[in-house]
Amino acid sequence: MDAGRENGRTGAPRFESYPERLVREAIERGEFDDNPYAGRPLPLGRPGDEKPWIVERLEREDLSGVLPEGLRALRALRRERAARDGERSDGHGQDDDPHE
């Protein structure tokens, strides 16, 4: 293919970034030949899944020490509410507030 007509465009040759070059060279060496996901989508979850893949990854990595103070407080509050709601749905803690 003519370098000036790469991707069907005319003019200057297309610039290849460093990551693109690394991937191209790895493909040429055959490093992706045994890829179990070749020709299939990566299992990143689907729209409407209970949790997006990034949320599951963040939970797995336990990044609680790097969160800003406000987000740590919000996370703690949500956990307390979830625990309290779980107790009420189990039939415990129903005497806490007679107006509920």
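- In terms of heavy atoms, I27 sits closest to F32 at CG1-CD1, 3.5 Å.
- The environment of R29 atom CZ is dense: over 12 non-hydrogen atoms of other residues, nucleotides or ligands sit within 6.0 angstrom.
- In this structure, E80 does not pair ionically with R84, as no charged nitrogen and carboxylate oxygen lie closer than 4.0 Å.
- Within 6.0 Å of CG on D34 lie no more than 12 heavy atoms contributed by other residues, nucleotides or ligands.
- Annotation for Y18: hydrophobic cluster partners, listed by chain and number, are L22 (ILVMFWY side-chain heavy atoms under 4.5 Å, direct or chained).
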